[in-house]
Amino acid sequence: MTTRTSWADLAANSAAENVGVGSSSASNGAVGSTSGAGRPVYVPPHLRNRPPSAEPPAPTSSGLTSSNDRPGYGGSRWTAPRNDYNNRSGHGGSGGRLGGWGGRSGGWSRGKDREVNPFGNDDDAEEAFSEQESTGINFDAYEDIPVETTGDNVPPPVNTFAEIDLGEVVNLNIRRCKYVKPTPVQRHAIPISLAGRDLMACAQTGSGKTAAFCFPIISGIMRGQVPQRPLRGARIVYPLALILSPTRELSMQIHEEARKFSYQTGVKVVVAYGGAPINQQLRELERGVDILVATPGRLVDLLERARVSLQMIRYLALDEADRMLDMGFEPQIRKIVEQMDMPPPGVRQTMLFSATFPREIQRLASDFLANYIFLAVGRVGSSTDLIVQRVELVHESDKRSHLMDLLHAQRTNGVQGKQALTLVFVETKKGADSLEHWLCMNGFPATAIHGDRTQQEREQALRSFKSGATPILVATDVAARGLDIPHVAHVVNFDLPNDIDDYVHRIGRTGRAGKTGLATAFFNDNNASLARSLADLMQEANQEVPAWLTRYAARSFGGRNRRPGGGRFGGRDFRRESSFNRGGSDYYGGGNSAGGYGVGYGAGIASAWD
DNA sequence: AAAAAAT
């Protein structure tokens, strides 16, 4: 199979779709060009204001198919005109937009929508990089990735975006994003989601999973019926999709991406997270929301204030799902998913994405799913070469001067006279502040991000780092997962994490977009419990493992990080594991139940798709 | 044990 997708191919696709005849996007009724089934239906004013009843909405979810049929829900509530964007987004009647088709078609009402072009701002800033990023992707490296799917009637994967009927508006946004070809997780996950199936997906951050769950949600909302939602006067809003993530910055990032994917589709994406004034978020919500991206705490607040109802949720996506279900988050997530008014599994469609899925987390997560498909996308093979991992034996008291040496060397090797971006992970918030201060005192422009800083400070730190104004960012694990910070050349694990997963997530902040990256870890006696898993991981990624680390690993008894499955392709459906017993002679984890782990270590390391 | 997440 030819794996290289050229710009010529892209242009050809584009041309075919512009003609709009006979292309696949036209054949199944492009989403934007509302089909006959969407004929406007007049809804009398007295029905428009009727709030949804207590019973959950009839399912589009479990039975969601690619059909354009829109089976009636019976009640007049459910026969609202699909083209009435104002009603659909919960604030009809104002501004003379009633009855407009443009919200969905991206057609005539473009001007009226006054939707800020989410591509506009980036274009200049990213132009210099974007071509390289788009063409520098080594797709060949992604062809032989092991993929495992388990579950009933797994829909087959697709090879091109053209095969997926997402509609012409979304297709246009895909081109605007310069996505040429779906990534492996997208190839498999999108058909599964479009078929209405629940999904537990193991795929490293940076493998394109945001798009993998956003595209089906956007498409589903566009083609689904338009439930009658209360109009503007109502203070409570009824999103159709909920995307939860573990940090505020990650929620912001998902929101930005989702806005690009949904541009001019009429699908409204709103983000809500703590640390920022709630009133502004409330105003945004009142202007209409289809997809709500949120962190758990702020969402609970909104639910308790009765400003958001989950009654109409058709799609639930948890990003970094293993983090969302760990001890710190699980109660909040359970509250949101099980104890508020969200439709139950089987009625809503649920998608969980994470790089790693320990068996016990899978067990917890299965409460939220119905007849789900498990998908694991394995390591990215040769692309792991993009990150060089180093481990250095550094005593606690020598860490600062050692860091200084690294930074000095880097400065002299600086690219284009600018210091390369360096992300330094530490264990504690206090440690982050003190290291930041020390670096600044020693002439290294640094900033810090952690949970004790104000949201403003956190966002400012991230901006300042991304722009290169302060090319050193000292961070706690708040920045370890999911964050897309382009052009990070070096990740330093000043303090190693206790969990090998966190290490994988941290180093995944570099080596992105087809660029090479360096990850340096400071190791000492305090990290003995990590020795074995670290050595295994590095070996798995074809990295040079220092002899002293191998000795450490041999001495250690594995700790919590030892994985029975071995590294290469451990993403495994726990439903199959009752009979799955490696009985491995190399498995020391007596009291350890942290098995059943995810996808090859290297998978997220090289990523061109964040 | 720490970090994150509401005020």
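Residue numbering restarts at 1 for every chain, and letters A, B, ... go by the order of the sequence lines.
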For the pair made of CZ in A:R481 and C1' in B:dA5, what is the distance, rounded to whole Å?
14 Å
A:F329 CZ to B:dA6 C1', straight-line distance once rounded to whole Å
12 Å
Under 3.5 Å, sequence neighbours excluded: what are the donor-acceptor pairs made by side chains of residues 242-252 of chain A?
| from | atom 1 | to | atom 2 | distance (Å) |
| --- | --- | --- | --- | --- |
| A:S245 | OG | A:T247 | O | 3.1 |
| A:S245 | OG | A:S251 | N | 3.3 |
| A:S245 | OG | A:S251 | OG | 2.9 |
| A:T247 | OG1 | A:L250 | N | 3.2 |
| A:R248 | NE | A:G274 | O | 3.2 |
| A:R248 | NH1 | A:Q455 | OE1 | 2.9 |
| A:E249 | OE1 | A:R458 | NH2 | 2.7 |
| A:E249 | OE2 | A:Q455 | NE2 | 3.2 |
| A:E249 | OE2 | A:R458 | NE | 2.8 |
| A:E249 | OE2 | A:R458 | NH2 | 3.3 |
| A:S251 | OG | A:A294 | O | 3.4 |

Need one value for A:G328: base, sugar-phosphate or nothing, where a base atom within 4.0 Å counts as base even if backbone is also close, heavy atoms only.
base
Using a 4.0 Å heavy-atom cut-off across all strands, classify A:R305 as base, sugar-phosphate, or nothing.
nothing
Check this for me: does any side-chain nitrogen of one of A:R453 and A:E459 sit under 4.0 Å from a carboxylate oxygen of the other?
no
Residue-phosphate contact under 4.0 Å: A:K429 side-chain N/O, B:dA4 OP1/OP2:
yes
How many whole angstroms separate atom CE of A:M340 from atom P of B:dA6?
15 Å
Rounded distance in Å - CG (A:L282) to P (B:dA6)
14 Å
So does A:D433 pair up with A:K429, basic N to acidic O under 4.0 Å?
no
Just call it for A:E427: base, sugar-phosphate, or nothing, with non-hydrogen atoms closer than 4.0 Å on any strand.
sugar-phosphate
Measure from the side chain of A:H450, starting at C-beta and using heavy atoms only, and say which of B:dA4, B:dA6, B:dA5 lies closest.
B:dA4
Heavy-atom pair of closest approach, residues A:I217 and A:I291
CG2-CD1, 3.7 Å
A:T428 side chain: which of B:dA6, B:dA2, B:dA4 is closest?
B:dA2
In whole Å, what is the span from the CG atom of A:L299 to the C1' atom of B:dT7?
15 Å
Using atom CG of A:D319 as one end and atom C1' of B:dA4 as the other, report the distance to the nearest whole Å.
15 Å
Determine: side-chain N/O of A:R323 to OP1/OP2 of B:dA2, distance under 4.0 Å, yes or no.
no
Separation of B:dA1 P from A:D326 CG (nearest whole Å):
16 Å
Select one nucleotide: of B:dA4, B:dA2, B:dA5, the one nearest the side-chain heavy atoms of A:T476.
B:dA4
Taking CG from A:D301 and C1' from B:dT7, how many angstroms apart are they, rounded to a whole number?
7 Å
Would you call A:D477-A:R506 a salt bridge at under 4.0 Å N-O?
yes
Go through B:dA3, B:dA5, B:dA1 for me and flag the one nearest to the A:E249 side chain.
B:dA5
I want to verify a distance call: between B:dA1, B:dA5, B:dA3, whose nearest atom is closest to the A:T247 side chain?
B:dA5
Could you tell me whether A:R248 contacts a base, only the sugar-phosphate backbone, or nothing, with contacts defined as non-hydrogen atoms closer than 4.0 Å?
sugar-phosphate
